[in-house]
Amino acid sequence: MTQDPKKKIHDRFLVFPCTKIKFNFLLIIHRIFVHLIEKGEETKRSSSTPWPPISNPSQSSMLLLCLPNAMIQKWFKTLVYVKLLSNWIRLAVRLGSSMRRVMVSLRPWLKRLEISHTNSSIFLMKKNSIKMTPAAGYRGYQRIGENITKGVPDMHEAIDCYKELKQGMYGALGKPMEGCNQWPHYPPNFKELMEKYISLCTEVSRKIMRGIALALGGSPDEFEGERGGDAFWVMRLIGYPGASTANGKCTSENDIGCGAHTDYGLLTLVNQDENITALQVRNQAGEWISAPPIPGTFVCNIGDMLKILSNGLYESTLHRVINKSPTYRVCVAFFYEPNYDAAVEPLEVCVWKSSGIRKFENAVYGEHLVSKVQTNFVT
Ligand SMILES: O=C(O)CCC(=O)C(=O)O
Ligand SMILES: [Fe+2]
């Protein structure tokens with residue numbers, strides 16, 4: 001197993017070390033794009049796929065995400081444009097100052113939910129009052145070891161929330177996931193803060209998906225309408241106990257905080273504790289590499305549904321968590337998903353790019369989610 005944070009990170013893993021120099025470099029590339037689009041490419045544009053205005057990035061951070069796909073197809077191989085896209089994503093997220101403010105104000109609150117192993121009773125009691133059960137639509141608190149990945153208990157505790165589904169909204173398909181979110185009663189404004197955070201994450205994710213749609217060669221609305229116009233979401237507040245030590249040596253080094261898996265939907269925004277490197281992703285060479293936290297940024301994972309939609313042009317990111325630090329680690333993972341009842345199939349443009357070979361069968365997102373959720377927990 002290799003764990004070198006400085007190692008070049010593969011295209012399956014969308015995060016970048018971002019120095020000021022790289023930043024400027026990207027802005028220059030961006031300007032070149034704008035120039036070239038305005039000069040030559042305009043004539044190639046089909047009226048059904050208008051380019052968003054990208055000439056005034058200061059107006060909205062997200063405008064930078066709208067990469068002109070024709071240019072990218074021409075000059076960059078997949079690897080390069082995914083990397084570029086990731087930089088735009090990170091730039092956009094950096095500039096989302098209201099997002100950042102919520103992220104920063106969230107941390108101390110989340111820390112207070114931590115179970116101190118020596119003094120667990122009060123927090124444990126509070127958390128158990130919002131216990132996750134199938135009857136609650138799998139929403140609520142789960143103890144350490146209750147979440148299972150491929151048959152092995154994960155060394156984390158979590159509060160899971162899902163977009164609320166109205167009763168009967170999706171018939172039998174929606175039934176297992178119906179229920180109301182169970183928010184901790186303490187701190188008092190936790191629910192409001194989290195709902196604000198969810199709405200910002202939804203907004204950012206939708207914009208990133210527009211950029212991805214363009215990068216894949218489709219229209220920016222590819223992930224709207226019946227595919228994602230009423231996007232489902234999942235949010236997990238996760239706590240990983242620190243590794244215990246004996247005689248100065250780590251004794252729980254091999255405890256897996258979260259076993260190797262891919263996420264289920266389109267895109268995940270992973271908001272990790274700033275000082276602990278525990279998340280690992282597997283690159284195409286089959287090596288596990290660390291995804292260290294970069295303050296003020298998310299790690300973005302590609303999910304199973306985006307793999308299908310892109311006909312495999314994008315791989316879903318295999319990742320896992322091992323917290324070797326002695327400190328409790330907090331992570332807030334926001335999962336941006338297709339519509340709950342979306343019939344997901346490879347986009348035509350992606351099949352076309354794969355020499356007409358359709359690599360995946362249709363999947364109904366809700367069915368995929370329910371099958372995963374129902375095998376994920378000890379009930
Ligand atoms: O804790 C992390 O960094 C990632 C969590 C994760 O992969 C998940 O909840 O799906
Ligand atoms: Fe994950």
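Atoms within a ligand are numbered from 1 in the order they appear, just like the ligands themselves. Nothing here was measured: the structure is a model prediction, and the numbers come from that model.
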Could you go step by step and tell me if Arg320 and Gln280 meet the side-chain hydrogen bond (donor to acceptor under 3.5 Å, both in side chains) rule?
-> CA-CA 5 Å; Arg320 68 182 185 186; Gln280 298 175 0; 2.7 Å; yes
Report yes or no: do Val349 and Ile302 belong to one cluster of Ile/Leu/Val/Met/Phe/Trp/Tyr joined by side chain heavy-atom distances under 4.5 Å?
-> yes
Output, in order, the C-alpha distance, side-chain angles, deciding distance and verdict of side-chain hydrogen bond (donor to acceptor under 3.5 Å, both in side chains) for Tyr197 and Glu192.
-> CA-CA 9 Å; Tyr197 184 75; Glu192 287 69 39; over 6 Å; no
Between the main-chain N or O of [Y] and the side-chain N or O of [X], is there a donor-acceptor pair closer than 3.5 Å?
X: Thr262; Y: Leu318; value: no
X: Lys163; Y: Ala231; value: yes
X: Asn311; Y: Ile357; value: yes

Taking 2.8 Å as the upper limit, name the protein N, O or S atoms near the Fe ion (ligand 2).
->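 Protein N/O/S atoms under 2.8 Å of the Fe ion (ligand 2): His261 NE2, Asp263 OD1, His319 NE2.
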Kindly determine whether Glu203 and Arg206 satisfy salt bridge (Lys or Arg N to Asp or Glu O under 4.0 Å), including the steps that lead there.
-> CA-CA 5 Å; Glu203 208 180 302; Arg206 170 158 278 133; over 6 Å; no
Atom pairs and distances, ligand 1 N/O vs protein N/O under 3.5 Å:
from: ligand 1; atom 1: 1 (O); to: Tyr240; atom 2: OH; distance (Å): 2.6
from: ligand 1; atom 1: 1 (O); to: Arg329; atom 2: NH1; distance (Å): 3.0
from: ligand 1; atom 1: 3 (O); to: Arg329; atom 2: NH1; distance (Å): 3.4
from: ligand 1; atom 1: 3 (O); to: Arg329; atom 2: NH2; distance (Å): 2.8
from: ligand 1; atom 1: 7 (O); to: His261; atom 2: NE2; distance (Å): 3.2
from: ligand 1; atom 1: 7 (O); to: His319; atom 2: NE2; distance (Å): 2.9
from: ligand 1; atom 1: 9 (O); to: Arg236; atom 2: NH1; distance (Å): 3.4
from: ligand 1; atom 1: 10 (O); to: His261; atom 2: NE2; distance (Å): 3.0
from: ligand 1; atom 1: 10 (O); to: Asp263; atom 2: OD1; distance (Å): 3.2

If you round to the nearest 0.5 Å, how far is CG of Leu347 from CG of Leu216?
->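 CG of Leu347 is found 6.5 Å from CG of Leu216.
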Using 30° and 60° as the class limits, which term best fits the ring planes of Tyr340 and Tyr365: parallel, tilted or perpendicular?
->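 Perpendicular.
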